[in-house]
There are 2 protein chains.
Amino acid sequence: MVTIKDVAEEAGVSIATVSSVINDSRPVAQATREKVLKVINEMGYKTNPVARALKVGNTKRILYIVPSIKNLVFAQFINQVQHSLIKKGYDLILLNNEARVDLTKSYLSIIHSSNIDGLIMTQTRSCGKLIVESCQQKKIPFVILFEPDIFKEESMVTSDEKTGMDQAVEYLISQGHHKIALLKVADSRNQNKRFHFFKEKLAESGLEFNNDWLITTAGHDEKAAYTAVTNYLQDKKPEFTALIGCNDFLTLGAIRAFRKYKLKIPAEISLIGYDDSIAEYLYPALTTVGLPKKKLAKKSVEILLNKIKQPDYQAEQNKFSQQLIIRDSVANLKKAK
Amino acid sequence: MVTIKDVAEEAGVSIATVSSVINDSRPVAQATREKVLKVINEMGYKTNPVARALKVGNTKRILYIVPSIKNLVFAQFINQVQHSLIKKGYDLILLNNEARVDLTKSYLSIIHSSNIDGLIMTQTRSCGKLIVESCQQKKIPFVILFEPDIFKEESMVTSDEKTGMDQAVEYLISQGHHKIALLKVADSRNQNKRFHFFKEKLAESGLEFNNDWLITTAGHDEKAAYTAVTNYLQDKKPEFTALIGCNDFLTLGAIRAFRKYKLKIPAEISLIGYDDSIAEYLYPALTTVGLPKKKLAKKSVEILLNKIKQPDYQAEQNKFSQQLIIRDSVANLKKAK
DNA sequence: CTGTTAGCGCGTTCAG
DNA sequence: CTGAACGCGCTAACAG
């Protein structure tokens, strides 16, 4: 390995001078600078980030903790976050805690050993709390990417749930749907929010909210949704003409359940999903509320790097609007008549 | 930050002793050990990995370079690799090069600055070559995860393409299919291999290979496949009763094309995919050749860590068999009669 | 069994 | 404008 010392010797200057030209930390005579730069190039010198980190106290590493990586939504977040970070000279360390508290706890030591400069998390309550507390304690800058505002005073970027739900309901109405059901995970904070805006929009639109048209599931995946919707259909025929699933996987479960009961999609039941994760792979291709993933990821990195630079950086909260992506899973009831 | 020095002072011993108990690097009197341990606990001391790395020369960080993260196959690899690494006390640094040479080149500096202990890559030829050369030059231990044997003398873990194709063809035959088509990317090394085993198995089974039943695509995604299959169907009605797509996305493209031409799936055309990425989300749920992703990922980590420990560790190559996952996209022609 | 000390590679005073 | 020297936190000889 070629060190700063080797460069100094070869260039006939001191290591301090080499350091100065690398970091532009103090004026260096043009001639000396050029000479040093030349030697650096020739010898292929790269500053050793580990030594630098030890001295300066930063590591140029950002930890990103996600609850899952199999879900395409998070994969897309990771992708964006990584690209944004690399541009700024930071490395991404990835941790997937499967939304499990035990795993999260075992990961805490990584935070605690403070060999990261900052942290980004996309986490639900219980795990999120553990992480946030660790960061606060160790004074590690962090930002929350895409989770509802649990920690009011912390930096976070979220998507504006209202815009998405408004568009979804408006679109359904425009297609002649007036009886709209909602499918959601029973105890998801984020989905409760969607539910809230759902009712709000219904009221605004002069539509009645029918409590009977709320279907709740035990889990976040298609299996839980399939079970819930199947149970629902066992008792009664659906009176609604459209259903909004609070994520694409739930909606997939619903599709399978409706199919089992020979209900045609979208002819008899129209569907809208959320997140735009697997929506385009489904059949029929799912109309869904898309998340502004790129914007969210980019902004979260931006805020984090600011916080790292300025320890007193004020907590900043950003919301980005959602966008309905129209595909083939909603029937036009007006045309049909 | 509490350092080893603080602990030493508090415990009334030297830093060397503290270091000894932490690393178990030399015998320490039971009483001293307990005392030190107690102080470490009380003060919440964590060894600083950066300082450790500077001294010892290792960083406990492994770089994993993937060509994409949106593809669920890679997401699953990442997931497994990360879990295996964390168990061994290593962090995963993730780099996604989008299979682009320019991005790969810009990432090379990370390899070159040697602040990683080892590298795992899942890469195609051109990018893979760049990375392999960098590693060889810098003597960084690496292992190739799931790519065909481009670099014969290097450590790699791959899946046994023969087992998968054999099962796929056998299954189709068992369901009464004798006219089988193959859909593959034109210039993919991996898929060429699948094609090779396809022909081989056909011959073994006494089935003819019809050159007309090979459809090639320009890209790896469903759009390229849709275009290719649509073009194919424009000219002629398919004579084959089943088609094997060399990945699930290609097969999805085929499904859409067949649908466009009102061909019923699986009644008129049976389908098999590859990889088990999006297979279960499709309609009909896709029968597909599953990759032994867990085994592959685990083994690659195991080999890499061995190589890190023993620089003269012999290159090791492992193959794991594939497993056909049966779902709903293949019709039983025998029953139908 | 334990303490002292010399670096790992770098950035940064403090003198010149 | 430049160089010598110190120290970041830790480990590993080398002494005791």
Side-chain angles (χ1 to χ4, degrees), chain A residues 1-40 43-61 89 109-110 112-117 138, chain B residues 1-40 43-61 89 109-110 112-117 138-139 309:
Chain A
M1 165 178 267
V2 31
T3 75
I4 201 171
K5 204 174 153 191
D6 302 326
V7 175
E9 275 175 21
E10 182 69 22
V13 297
S14 77
I15 56 170
T17 304
V18 178
S19 176
S20 305
V21 350
I22 294 168
N23 301 303
D24 224 6
S25 45
R26 59 183 194 183
V28 174
Q30 192 55 26
T32 323
R33 148 167 283 120
E34 275 166 17
K35 170 123 200 207
V36 170
L37 250 21
K38 190 167 159 251
V39 174
I40 285 181
M43 305 184 72
Y45 166 79
K46 301 274 174 186
T47 121
N48 179 334
V50 175
R52 186 177 201 289
L54 178 58
K55 183 66 191 175
V56 180
N58 66 18
T59 59
K60 292 282 180 182
R61 304 161 49 165
S109 70
I110 296 182
H112 208 268
S113 70
S114 70
N115 59 144
I116 52 167
D117 288 353
K138 294 290 289 182
Chain B
M1 167 179 265
V2 30
T3 74
I4 201 171
K5 204 173 153 192
D6 302 326
V7 174
E9 274 176 21
E10 183 70 21
V13 297
S14 78
I15 56 170
T17 304
V18 178
S19 177
S20 304
V21 349
I22 293 167
N23 302 305
D24 223 8
S25 46
R26 58 184 195 183
V28 175
Q30 191 55 26
T32 324
R33 149 166 283 121
E34 275 166 17
K35 171 122 201 209
V36 171
L37 251 21
K38 190 166 159 253
V39 173
I40 284 179
M43 303 183 74
Y45 165 81
K46 300 276 174 187
T47 119
N48 179 335
V50 175
R52 187 174 201 289
L54 179 60
K55 180 66 189 172
V56 179
N58 66 17
T59 58
K60 291 282 181 182
R61 303 159 49 163
S109 71
I110 296 182
H112 207 268
S113 71
S114 71
N115 58 146
I116 51 166
D117 288 353
K138 294 290 290 181
K139 306 224 187 305
K309 253 188 228 159

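All heavy atoms count here, side chains included; hydrogens, waters and symmetry mates do not. To find a chain, count down the sequence lines: A is the first, B the second, and so on, and within it residues start at 1.
- The footprint of chain B on DNA chain C, defined by a heavy-atom cutoff below 4.0 Å, extends from dC1(C) to dG9(C).
- Inter-residue side-chain proximity for Asn48(A) and Met1(A) is flagged as met; some heavy-atom pair is nearer than 4.5 Å.
- If you measure from atom NZ of Lys46(B) to atom C1' of dC10(D), you get 17 Å, rounded to the nearest angstrom.
- Summary of helix geometry: the two end axes of the helix from dC1(C)-dG16(D) to dG16(C)-dC1(D), each defined by five base pairs via their C1' atoms, are inclined to each other by 50° (rounded to 10°).
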Under 3.5 Å donor-acceptor pairs involving side-chain atoms of residues 19-30 of chain A, not counting sequence neighbours:
{"residue": "Ser19(A)", "atom": "OG", "partner": "Asn23(A)", "partner atom": "ND2", "Å": "3.4"}
{"residue": "Ser20(A)", "atom": "OG", "partner": "Ala16(A)", "partner atom": "O", "Å": "2.7"}
{"residue": "Ser20(A)", "atom": "OG", "partner": "Arg26(A)", "partner atom": "NE", "Å": "2.9"}
{"residue": "Asn23(A)", "atom": "ND2", "partner": "Ser19(A)", "partner atom": "O", "Å": "3.1"}
{"residue": "Asp24(A)", "atom": "OD1", "partner": "Arg33(A)", "partner atom": "NH2", "Å": "3.0"}
{"residue": "Gln30(A)", "atom": "NE2", "partner": "Glu34(A)", "partner atom": "OE2", "Å": "3.1"}

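- Considering only residues two or more places apart in sequence or on other chains, Lys5(B) meets the salt bridge (Lys or Arg N to Asp or Glu O under 4.0 Å) condition with none of them.
- Contact annotation: the side chain of Val2(B) approaches that of Val7(B) to within less than 4.5 Å [non-hydrogen atoms, C-beta and beyond].
- Checked against salt bridge (Lys or Arg N to Asp or Glu O under 4.0 Å), Lys55(B) has no partners two or more places apart in sequence or in another chain.
- Counting only residues at least two apart or on different chains, the side chain to side chain donor-acceptor pair (under 3.5 Å) pairs with a member in residues 7-16 of chain B are Ser14(B)-Thr17(B).
- If you take OG1 on Thr59(A) and CZ on Arg52(A), they are separated by 11.0 Å, rounding to the nearest 0.5 Å.
- Shown here for Ala53(B) and Val50(A), the closest heavy-atom pair between the two residues is CB-CG1, 3.7 Å.
- Partners of Asn58(A) by side chain to side chain donor-acceptor pair (under 3.5 Å), not counting sequence neighbours: none found.
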* To do: Evaluate the criterion side chain to side chain contact (heavy atoms under 4.5 Å, CB included) for residue pair Val13(B) and Val18(B); output intermediate values, then yes/no.
  => CA-CA 7 Å; Val13(B) 297; Val18(B) 178; 3.8 Å; yes

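- Within residues 18-40 of chain B, the residues that place at least one heavy atom under 4.0 Å from DNA chain D are, in residue-number order, Ser19(B), Asn23(B), Arg26(B).
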Pairs under 3.5 angstrom, nitrogen or oxygen only, protein versus nucleotides 5-7 of chain D, please.
{"residue": "dG7(D)", "atom": "N2", "partner": "Lys55(A)", "partner atom": "NZ", "Å": "2.9"}
{"residue": "dG7(D)", "atom": "N3", "partner": "Lys55(A)", "partner atom": "NZ", "Å": "3.3"}

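- For the atom pair OG1 of Thr3(B) and CD1 of Ile15(B), the computed distance is 8.5 Å after rounding to the nearest 0.5 Å.
- Rounded to an integer number of Å, the gap from CG of Leu54(A) to P of dC10(D) is 9 Å.
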